[in-house]
Amino acid sequence: MSEEELNELNELRKERRKKLKELKEKGIPAYSEKYERSHQVQEILNNFADFDEDTTISLAGRLMAVRSHGKASFADLADMSAEIQLYAKEDDLGVELYELFASLDIGDHIGVEGTLFKTRRGEITLWIEDFRLLAKSLRPLPEKWHGLTDVELRYRQRYVDLIVNPEVKETFITRSKIIHSMRSYLEEEDFLEVETPLMHTIAGGAAARPFVTHHNALDMELYLRIAPELYLKRLIVGGFEKVFEIGKNLRNEGISTKHNPEFTSLELYQAYADYEDMIEITENIIVQIAEEVLGNLEIEYQGEKIDLSPSWKRMTMLEAIEEEVGVDFSEVDDLAAAKELAAEYKLELEEEDSVGKIINSFFEAFVEEKLIEPTFIIDYPLAVSPLAKRKEDDEDFTERFELFIAGNEIANAFSELNDPLDQKERFEKQMQQREAGDDEAHMMDEDFIRALEYGMPPAGGLGIGIDRLIMLLTDSSSIRDVILFPHMRPEK
RNA sequence: GGGCCAUUAGCUCAGCUGGAAGAGCACCUGACUUUUAAUCAGGGUGUCGGAGGUUCGACUCCUCCAUGGCUCACCA
């Protein structure tokens with residue numbers, strides 16, 4: 001770094017650069033080789049009684065605080081597992097090494113060696129006999145008391161957030177456990193984990209605007225996937241009977257506390273099954289996760305107590321609307337009457353050209369947010385379900401459900417449409433809407449129709465929004481709190 | 001994209017109707033060999049988000065821009 005660049009640094013950073021230079025002059029490595037430690041901090045804290053005062057142990061971690069008393073100092077060392085107090089005395093380390101210890105900064109990584117004791121106040125402490133600087137920190141950490149609360153900084157510099165806000169680390173450990181529990185449930189049930197393409201020539205499987213990218217060698221536009229659905233169903237055609245994929249979907253839409261442009265979902269498909277089976281899997285999987293990861297089926301989300309104990313409530317969409325709004329849509333069968341109702345309830349419609357879409361709008365506007373306890377809403381209008389099988393006794397509705405908890409949609413599932421001719425007609429209907437300006441309408445996928453023509457067994461399919469589920473189980477109000485690096489605009 | 005709000009030291013924040021930029025922590029200097037938000041004495045380290053404007057004078061008022069938050073719309 002040149003003199004000019006150095007001069008632009010603030011005082012705190014200049015100070016640390018100065019110390020780095022001094023270390024170099026003394027021949028002390030500021031970024032040294034690996035350090036063999038004997039224990040993690042948590043093991044020490046849990047098993048203090050097992051260590052006598054002659055047992056030498058070694059730890060490695062980041063210096064989080066220093067309390068210097070002249071010729072002796074206390075400090076706090078944090079590794080991933082926990083924090084422990086260090087005690088360093090000039091008598092034991094010698095003048096030179098103690099001076100080095102005294103010059104350490106908060107944020108530095110060190111490896112320490114010594115024996116354990118308890119202070120007068122009863123705190124387990126490592127009495128240092130030797131230590132080594134492992135990595136010098138050149139930037140000051142946020143304040144120890146308030147930590148880092150500026151959400152912009154927390155998301156942009158998640159590494160700092162993780163260093164100073166322990167509960168953030170907890171959330172992401174829980175996230176990992178949730179996904180692990182989900183995967184082990186599915187493997188236990190003999191589902192095969194697969195990976196399908198992220199780059200699609202046709203963006204399908206959901207109603208959403210895709211990101212577009214360009215393949216140079218092929219000189220063609222590609223879409224980043226909005227859902228893995230159509231590929232997973234091709235695998236059901238191919239003879240896999242139980243498949244699942246946990247992965248990212250990318251949607252070129254608004255960003256909010258519930259939406260990130262890339263988000264993680266579970267999708268699974270089971271041959272010879274239907275949406276009733278999917279209800280069962282959904283409930284089982286979430287109950288297992290809550291039991292394994294939280295050890296509790298009674299959770300609290302943003303101040304609301306929620307009981308995840310089975311069996312969860314089921315209602316048809318029409319029943320839910322009738323209960324909440326008092327309108328019985330089973331009595332409404334023409335578009336004009338539905339539009340009149342929408343006007344009466346001050347629902348602003350855009351392109352709703354069918355009773356089904358208006359029913360769905362009523363549901364979204366008046367019912368969704370009221371569904372606090374886990375509730376399966378079943379039987380969705382055909383008009384908003386272009387990939388789901390029709391109900392046998394009602395042409396206008398499908399064998400589909402969504403699961404709502406705490407007012408949020410957590411899962412979406414249906415009996416998969418496996419009639420290729422019906423599917424083709426529905427794609428054609430979607431294409432018309434697309435041409436009429438609805439750029440979220442489904443695209444025609446000829447190859448998917450071809451696959452269905454070879455014969456797809458009846459199948460149930462299920463999608464779970466993993467980020468949303470994790471928000472619920474970690475009591476996080478924003479999706480950004482459960483995604484390590486949420487999308488942000490560039491700085492400056 | 002619309003509405004509302006925010007942006008001041010490394011961090012967390014005060015700064016009134018326009019009149020000499022502040023506190024705590026962190027940091028620096030000194031004292032201190034069981035402290036733990038260590039303590040004691042001294043030190044303010046700043047492009048007040050950016051650019052214009054009004055004014056004798058702007059952190060403060062106005063306009064535009066940037067970023068973020070909440071919210072509505074779209075979506076999961």
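These numbers come from the heavy atoms of this one structure, side chains and all, not from hydrogens, waters or symmetry mates.
Comparing the C1' positions of B/C13 and B/A76 gives a spacing of 37 Å, expressed to the nearest Å. B/U12 sits 26 Å from B/A58 when the C1' atoms are compared, rounded to a whole Å. Between B/C70 and B/A37, the two P atoms lie 33 Å apart (nearest whole Å). B/A73 sits 24 Å from B/U67 when the P atoms are compared, rounded to a whole Å. For the P atoms, the distance linking B/A51 with B/C59 amounts to 12 Å, nearest Å. Taking the P atom of each, B/A38 and B/U17 are spaced 38 Å apart, rounded to whole Å. Of the C1' atoms belonging to B/C56 and B/C40, the separation is 47 Å, rounded to the nearest Å. Nucleotides B/U36 and B/C32 place their C1' atoms 16 Å apart, quoted to the nearest Å.
Under the 30°/60° scheme for interplanar angles, the aromatic rings of A/Phe427 and A/His442 are found to lie parallel.
Backbone-only engagement by A/Glu440 is indicated by non-hydrogen atom pairs under 4.0 Å involving sugar-phosphate atoms exclusively. A/Gly147 comes within 4.0 angstrom of the backbone, heavy atoms only, and of no base. Within 4.0 Å (heavy atoms only), A/Arg121 reaches at least one base atom of the nucleic acid. At the heavy-atom level, A/Gln85 lies under 4.0 Å from base atoms of the strands shown. Note on A/Asn260: a base of the nucleic acid sits closer than 4.0 angstrom, heavy atoms only. Residue-level contact check: A/Ala207 touches the backbone only, with heavy atoms under 4.0 Å from sugar-phosphate atoms and none from bases. Across all strands shown, A/Glu15 has heavy atoms under 4.0 Å from sugar-phosphate atoms exclusively, and none from any base. Heavy atoms of A/Leu153 sit under 4.0 angstrom from primed sugar atoms or phosphate atoms, though from no base atom.
The residue among A/Tyr87 and A/Gly254 whose nearest nucleotide of RNA chain B is located toward the 5' end is A/Tyr87. Both A/Lys89 and A/Thr149 sit near RNA chain B, but only A/Thr149 has its closest nucleotide nearer the 5' end.
Residue A/Lys19 places its side chain closer to B/C28 than to any other of B/U35, B/C28, B/C11. For A/Met488, whose side chain is taken as the heavy atoms from C-beta onward, the closest listed nucleotide among B/G68, B/U12, B/U35 is B/G68. Considering only side-chain atoms of A/Thr119, the nucleotide from B/A38, B/U36, B/A76 that sits closest is B/U36. Counting only heavy atoms from C-beta on, A/Thr257 has its side chain closest to B/U71 among B/U12, B/U67, B/U71.
At least one side-chain nitrogen or oxygen of A/Arg489 sits closer than 4.0 Å to the OP1 or OP2 atom of B/U67. Side-chain N/O atoms of A/Arg67 include none lying less than 4.0 angstrom from OP1 or OP2 on B/U39. Applying the 4.0 Å criterion to OP1 and OP2 of B/G68, one finds that A/Arg156 has a side-chain N or O inside that range.
Atoms CD1 (A/Ile470) and C1' (B/A76) sit 14 Å apart, rounded to a whole Å. Remark: C1' of B/A76 and CZ of A/Arg468 are 4 Å apart, rounded to the nearest angstrom. Rounded to whole angstrom, the span from the NE2 atom of A/His69 across to the C1' atom of B/A37 amounts to 13 Å. Between A/Glu53 atom CD and B/U34 atom C1' there is a gap of 16 Å when expressed in whole angstrom units. Across the protein-nucleic acid pair, A/Lys248 atom NZ and B/A76 atom P stand 18 Å apart, rounded to whole Å. Taking atom CG of residue A/Asn252 and atom P of nucleotide B/A76, one finds them 14 Å apart after rounding to whole Å. Here the C1' atom of nucleotide B/G10 and the CD atom of A/Gln157 are 11 Å apart, to the nearest Å.
Pairs passing the salt bridge (charged side-chain N to carboxylate O under 4.0 Å, His left out) check and including a residue from residues 111-129 of chain A, sequence neighbours excluded, do not occur.
Judged by distance alone with a 3.5 Å cut-off, a donor-acceptor contact links the side chain of A/Asp91 to the base of B/U33. Checked by distance alone, A/Glu123 brings a side-chain donor or acceptor within 3.5 Å of a matching partner on the base of B/U36.
The shortest distance between side-chain heavy atoms of A/Phe363 and A/Leu318 does not fall below 4.5 Å. In this structure, A/Phe191 and A/Ile281 have side chains that are in contact, with non-hydrogen atoms separated by less than 4.5 Å.
A/Arg234 is linked by a salt bridge (charged side-chain N to carboxylate O under 4.0 Å, His left out) to A/Asp445, A/Asp447, counting only residues two or more places apart in sequence or in another chain. In this view, A/Lys19 and A/Asp105 satisfy the salt bridge (charged side-chain N to carboxylate O under 4.0 Å, His left out) rule, not counting sequence neighbours. Judged as a side-chain contact (heavy atoms from CB on, under 4.5 Å), and not counting sequence neighbours, the contacts of A/Ile57 are A/Ser38, A/His39, A/Ile44, A/Phe51, A/Thr55, A/Leu59, A/Leu116, A/Leu126.
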Taking only nitrogen or oxygen atoms into account, show me every contact under 3.5 Å that the protein makes with nucleotides 23-26 of chain B, one pair per line with its distance.
unit_1 : atom_1 : unit_2   : atom_2 : d
B/G24  : N2     : A/Glu143 : OE1    : 3.2
B/A26  : OP1    : A/Lys144 : NZ     : 2.9

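Checked against the 6.0 Å centroid threshold, A/Phe376 and A/Tyr275 do not count as a close aromatic pair.
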For the pair A/Gln42 and A/Asn46, evaluate side-chain hydrogen bond (donor to acceptor under 3.5 Å, both in side chains) and give the outcome as yes or no after the intermediate values.
CA-CA 6 Å; A/Gln42 192 66 55; A/Asn46 290 347; 3.0 Å; yes
Should A/Thr119 and A/Gln85 be marked as a side-chain hydrogen bond (donor to acceptor under 3.5 Å, both in side chains) after you check the CA-CA gap, both sets of side-chain angles, and the distance that decides it?
CA-CA 10 Å; A/Thr119 62; A/Gln85 178 165 266; 4.8 Å; no
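A salt bridge is defined here as a Lys NZ or Arg NE, NH1 or NH2 lying under 4.0 Å from an Asp or Glu carboxylate O, and A/Arg175 with A/Asp467 meets this definition.
In this structure, the separation between CD1 on A/Ile470 and CG on A/Asp475 is 14.0 Å, given to the nearest 0.5 Å.
Judged by centroid separation below 5.5 Å and plane tilt below 30°, A/Phe263 stacks onto the base of B/A76.
For A/Glu399 and A/Ser415, the side-chain atoms include at least one donor-acceptor pair closer than 3.5 Å.
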Pair assignment for RNA chain B - dot-bracket with | for other-strand partners, Watson-Crick or G-U under 3.5 Å
(((((((..((((.....[..))))((((((.......))))).)...(((((..]....))))))))))))....
